[in-house]
K.L.:
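One structure is given below, represented as structure tokens, and several questions about it will come after.
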Protein chains: 2
Amino acid sequence: MGKRIPNAFIMTRGSGSGNRFPEAGHDCNNRMLLKVPETEAFEEELSVTASTLSEVAKLAGVSPATASRVLNGSARTPAPEIAERVRQAADTLGYIANAQAQALAKSSTGLIGLIVHDIADPYFSAIAQGVQAAARQERRMVLLATTNGTPAEEKEAVAAFAARRAESIVIAGSRSTRSEDARANTDLAAELDRYCRNGGRVGVVGQAILGVAETDSYRTITVPNEQLARDLARDLARTHKGPFVIVAGPEGLTTSDERVMGFQRGLSDAGQPAADIVHVAFNRNGGFDAGIELAWRIKASDRSAPDQRLCIFGTNDVMAIGVAAALRDQGLRVPHDASLAGFDDIEWLRDFRPALSTVSLPLEEIGRLATMATLSNDDGGAAAVVGSVTLRRSTGSP
Amino acid sequence: MGKRIPNAFIMTRGSGSGNRFPEAGHDCNNRMLLKVPETEAFEEELSVTASTLSEVAKLAGVSPATASRVLNGSARTPAPEIAERVRQAADTLGYIANAQAQALAKSSTGLIGLIVHDIADPYFSAIAQGVQAAARQERRMVLLATTNGTPAEEKEAVAAFAARRAESIVIAGSRSTRSEDARANTDLAAELDRYCRNGGRVGVVGQAILGVAETDSYRTITVPNEQLARDLARDLARTHKGPFVIVAGPEGLTTSDERVMGFQRGLSDAGQPAADIVHVAFNRNGGFDAGIELAWRIKASDRSAPDQRLCIFGTNDVMAIGVAAALRDQGLRVPHDASLAGFDDIEWLRDFRPALSTVSLPLEEIGRLATMATLSNDDGGAAAVVGSVTLRRSTGSP
DNA sequence: TGTCTCATGGAAAGCGCTTACCAGTTGGGA
DNA sequence: TCCCAACTGGTAAGCGCTTTCCATGAGACA
């Protein structure tokens with residue numbers, strides 16, 4: 001909202017009084033004012049911009065304090081008759097409280113900051129949905145920031161949220177342990193630390209951010225990536241007898257790393273040799289690239305021999321979809337020529353065929369949990385996220 | 001951020017001075033203060049919460065006005081040497097400007113409100129991505145609200161954004177002309193109108209909201225749904241000789257209605273009889289429901305006769321996917337037993353097989369355009385959105 | 001040297017609210 | 001009848017900034 005606009009008039013009285021009033025003048029505040037003729041008792045003044053509390057108070061013939069107490073919830077409730085008058089006045093003027101001013105006065109903004117890598121990614125938009133739902137339930141608004149997954153931009157976002165005095169921040173998206181991110185990670189940790197010390201609360205989805213101590217104001221919603229990947233591997237190894245390949249994100253991307261580690265452990269549990277790992281981008285196109293590469297390997301093998309058939313584990317669903325697309329592109333079929341599994345169980349991918357074996361994660365719930373964790377004070381043992389292996393056609397019999 | 005917290009200390013000086021200082025006392029403001037011993041020149045005072053401009057100013061030995069001019073961009077730039085001192089002080093204290101206070105003082109918040117039906121829906125998350133990108137480019141933050149598509153909740157969201165003094169609002173998602181929404185639509189229009197008169201700008205994606213006059217502060221990014229659906233129908237009619245069926249959203253949902261109308265017109269252009277219309281929910285499950293129903297019809301027909309083969313048009317991609325899932329469920333295959341087309345060309349659905357014929361829309365670009373339209377002042381003729389028909393396998397030969 | 005202009009830092013008045021404190025009433029108990 | 005507690009509404013002091021206006025000093029020019 002810009003400055004006061006001198007050539008517009010608010011005419012909430014409506015009905016017939018819509019003619020501009022020639023003797024409109026300036027008051028001591030240099031504001032454009034308007035004397036409304038049909039009012040007898042006092043000179044009603046309608047200002048040009050959003051009306052303020054004191055305008056409402058003046059119209060109602062009470063003090064701003066009283067008006068505030070009536071309109072914006074307070075421990076003290078003025079007399080019913082007065083309250084009614086204030087409400088009427090507010091209605092007449094179309095009063096909307098200035099949240100900025102309230103925030104300043106009360107030092108509480110009702111804002112929740114949400115940081116994601118990419119809001120268009122269904123993984124993040126599902127989490128965002130949960131955050132949004134929780135925020136609405138708690139009568140908060142959510143501020144959104146996207147970062148492309150770089151800790152440097154995450155730090156920027158935290159600073160911006162801190163400036164806006166967001167009451168809490170929810171950060172979703174894999175951490176990075178790559179050495180080139182080390183510096184940015186430290187900065188991010190410092191920024192978060194400062195934010196927390198100033199009374200902010202933060203909820204992190206996935207894994208803790210290195211360098212920030214877990215305190216009451218800093219909660220992590222841990223996703224048991226490793227355990228679940230391990231379960232998945234064990235389940236797959238039960239029926240699959242050929243070699244395994246993992247299509248992973250870049251080394252140092254914690255989520256991917258955890259899933260890789262868990263999967264390898266699961267294979268080892270099952271007495272299988274470790275899987276080969278292909279590192280690509282942690283998205284659909286990365287999966288596609290890997291798929292093209294793997295297609296060669298598959299074609300070179302004897303696909304009819306069960307002990308040569310490949311089982312490919314994409315460390316997230318969209319990568320797995322990318323792999324599938326590449327294999328199809330190369331004339332190979334899943335699960336006929338290779339098995340394929342993903343991770344996350346993205347809702348929008350469930351109609352994909354062959355149906356993707358994956359690990360189901362309650363994404364929306366995770367968003368909700370992370371949000372609530374920053375809002376409530378019970379340190380109630382970091383409500384654990386439970387996921388489950390969901391085997392479908394893509395790892396079925398050829 | 002809560003009230004001042006009396007038992008936490010900010011120790012930005014760091015390194016070694018981390019011991020609590022026993023003679024911390026209260027100043028006239030009743031704030032917890034801390035005298036830092038190693039400072040000689042003046043008594044540096046570190047407050048408990050985020051430090052303020054005047055604290056920075058005091059530390060730098062200048063007035064708040066000067067500090068403000070140095071730190072938060074102003075036409076007047078103080079002397080380099082002074083500026084440096086202020087910057088140092090700010091750094092030392094870890095100063096972060098209070099955006100709320102700035103907003104109040106400058107009456108400009110740097111906030112953009114985004115209203116969508118459902119952020120988890122890939123259609124909306126793609127648009128959100130565009131909005132976010134534009135916002136970032138213009139150094140704004142985005143406030144998010146989801147409404148499940150009801151005008152009543154949209155109105156709430158507008159009011160909330162108005163209270164937060166968002167500079168502009170972007171509204172995405174189909175309008176509704178259903179009679180039960182008439183009242184809420186009027187309210188929404190009134191709320192928007194008020195918002196605009198108070199200096200707010202709004203950008204609407206899709207179709208104009210009834211009852212709000214198109215002004216400089218109210219822009220619509222029109223999506224040529226009707227034209228594109230018409231193009232699609234004509235293209236399909238070129239090869240498809242059997243009957244057409246439209247799987248539409250509820251009657252009164254403008255986006256759906258427009259696409260239906262355009263499609264019918266296209267059929268008529270091509271000399272084909274009008275399509276039957278099935279009204280279901282405007283989402284994947286609606287499509288699924290319709291698909292189950294249509295499966296019966298398909299099974300009852302002679303699928304080998306080209307003039308009996310059905311071509312199904314889902315008025316958006318996710319509905320079409322729902323239809324496909326249902327047909328598959330019923331043992332039918334696309335395009336073998338029926339042709340299928342969608343609308344939107346959702347990115348995440350492109351790996352779906354059979355590849356879906358659809359209408360491509362630059363969703364992210366639309367979000368960007370809508371945002372920029374609310375930010376720029378050139379009334380540059382509502383940059384038109386261009387879409388295009390994309391025929392793929394799902395409407396190919398059986 | 002005197003005057004005028006321009007540049008520069010500071011004082012202070014808000015921005016639109018909330019809330020601690022105050023003063024005036026009322027009512028009840030002694 | 002008097003006193004005190006309990007209410008009630010109003011006054012005013014902020015919340016943390018920005019920005020107008022002012023005072024001062026320096027330079028320019030005659």
Side-chain angles (χ1 to χ4, degrees), chain A residues 1-4 27-31 47 49-58 60-83 85-86 90 93 95-110 162-165 198-199, chain B residues 1-4 27-31 47 49-58 60-83 85-86 90 93 95-110 162-165 198-199:
Chain A
M1 322 283 264
K3 290 285 179 187
R4 308 208 164 248
D27 72 348
C28 56
N29 263 342
N30 200 27
R31 274 198 217 163
S47 120
T49 59
S51 44
T52 68
L53 223 215
S54 17
E55 283 166 11
V56 172
K58 193 182 291 181
V62 300
S63 76
T66 304
S68 168
R69 293 198 263 252
V70 171
L71 297 173
N72 305 318
S74 145
R76 292 181 47 180
T77 327
E81 173 237 355
I82 289 190
R85 231 167 55 222
V86 171
L93 295 176
Y95 171 71
I96 297 185
N98 184 328
Q100 311 281 340
Q102 292 184 306
L104 191 56
K106 298 200 286 200
S107 51
S108 107
T109 59
R164 297 232 128 80
R165 301 300 189 264
N198 285 342
Chain B
M1 322 281 266
K3 290 281 176 189
R4 311 214 161 242
D27 72 348
C28 55
N29 263 342
N30 198 26
R31 276 199 216 161
S47 118
T49 59
S51 43
T52 68
L53 223 216
S54 19
E55 284 166 11
V56 172
K58 193 182 289 182
V62 300
S63 76
T66 303
S68 169
R69 294 198 259 254
V70 171
L71 296 174
N72 305 318
S74 144
R76 292 181 47 179
T77 326
E81 174 237 355
I82 289 191
R85 231 167 54 221
V86 171
L93 296 177
Y95 171 72
I96 298 186
N98 184 329
Q100 311 281 341
Q102 292 185 307
L104 192 56
K106 296 200 286 199
S107 51
S108 108
T109 58
R164 297 231 128 81
R165 300 299 188 266
N198 285 343

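Below, chain A is the first sequence line, B the second, and so on; all start at residue 1.
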K.L.:
OH of A:Tyr95 versus P of C:dG16: gap in Å, rounded?
P.N.:
10 Å
K.L.:
Considering residues at least two apart in sequence or located in another chain, which fulfil the salt bridge (charged side-chain N to carboxylate O under 4.0 Å, His left out) criterion with B:Arg85?
P.N.:
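Partners of B:Arg85 by the salt bridge (charged side-chain N to carboxylate O under 4.0 Å, His left out) criterion, ordered by chain and then number, come out as B:Glu81.
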K.L.:
Of the non-hydrogen atoms in A:Ala67 and A:Leu53, which two are nearest, and what is the gap between them?
P.N.:
CB-CD2, 3.5 Å
K.L.:
In terms of side-chain heavy atoms of B:Ala65, which of C:dG10, C:dG16, C:dG14 is nearest?
P.N.:
C:dG10
K.L.:
Kindly list each side-chain donor-acceptor pair under 3.5 angstrom involving residues 95-104 of chain A, sequence neighbours excluded, with atom names and distances?
P.N.:
unit_1: A:Asn98; atom_1: OD1; unit_2: A:Gln100; atom_2: N; d: 2.8
unit_1: A:Asn98; atom_1: OD1; unit_2: A:Ala101; atom_2: N; d: 3.2
unit_1: A:Gln100; atom_1: NE2; unit_2: B:Arg164; atom_2: O; d: 2.7

K.L.:
Measure NZ/A:Lys106 against P/D:dG16 and give the value in whole Å, please.
P.N.:
16 Å
K.L.:
Tell me every residue that passes side chain to side chain donor-acceptor pair (under 3.5 Å) with A:Thr66, counting only those two or more places apart in sequence or in another chain.
P.N.:
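Per chain and number, A:Thr66 pairs via side chain to side chain donor-acceptor pair (under 3.5 Å) with A:Ser63.
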K.L.:
Can you check the B:Gln102 CD to D:dC15 P distance for me, whole Å?
P.N.:
17 Å
K.L.:
Without decimals, in angstroms, what is the distance between B:Lys58 NZ and C:dA11 C1'?
P.N.:
16 Å
K.L.:
Specify the separation, in whole Å, of atom CG of A:Leu71 and atom P of C:dC17.
P.N.:
10 Å
K.L.:
Between the axis at one end of the helix from C:dT1-D:dA30 to C:dA30-D:dT1 and the axis at the other (five pairs apiece), what's the angle to 10 degrees?
P.N.:
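Here the local axes at opposite ends form an angle of 50°.
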K.L.:
Just jot down the side chain to side chain donor-acceptor pair (under 3.5 Å) partners of B:Thr77, sequence neighbours excluded, or say none.
P.N.:
none
K.L.:
Does A:Ser107 put a side-chain nitrogen or oxygen below 4.0 Å from OP1 or OP2 of D:dC15?
P.N.:
no
K.L.:
Any side-chain N or O of B:Asn72 under 4.0 Å from OP1/OP2 of D:dT18?
P.N.:
yes
K.L.:
What nitrogen or oxygen pairs link the protein and nucleotides 6-9 of chain D at under 3.5 Å?
P.N.:
unit_1: D:dG9; atom_1: OP1; unit_2: A:Ala79; atom_2: N; d: 3.3
unit_1: D:dG9; atom_1: OP2; unit_2: A:Ala79; atom_2: N; d: 3.4
unit_1: D:dG9; atom_1: N7; unit_2: A:Arg76; atom_2: NH2; d: 2.1
unit_1: D:dG9; atom_1: O6; unit_2: A:Arg76; atom_2: NH1; d: 2.9
unit_1: D:dG9; atom_1: O6; unit_2: A:Arg76; atom_2: NH2; d: 3.1

K.L.:
Could you state the CG-C1' distance from A:Leu104 to C:dT19, rounded to the nearest angstrom?
P.N.:
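Value for this atom pair: 14 Å.
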K.L.:
What is the separation between atom CZ on B:Arg164 and atom P on C:dC15, rounded to the nearest whole Å?
P.N.:
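Atom-to-atom, B:Arg164 to C:dC15, this comes out as 22 Å.
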K.L.:
So which atom in B:Val86 and which in B:Val56 form the shortest heavy-atom distance, rounded to 0.1 Å?
P.N.:
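Distance-wise, the nearest heavy atoms are O-CG1, 3.9 Å.
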K.L.:
Okay, side chain of A:Ser54, backbone of A:Pro64: is any donor-acceptor separation there less than 3.5 Å?
P.N.:
no
K.L.:
Which whole-number value in Å describes the distance from B:Leu53 CG to C:dC15 P?
P.N.:
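To the nearest whole Å, that distance equals 19 Å.
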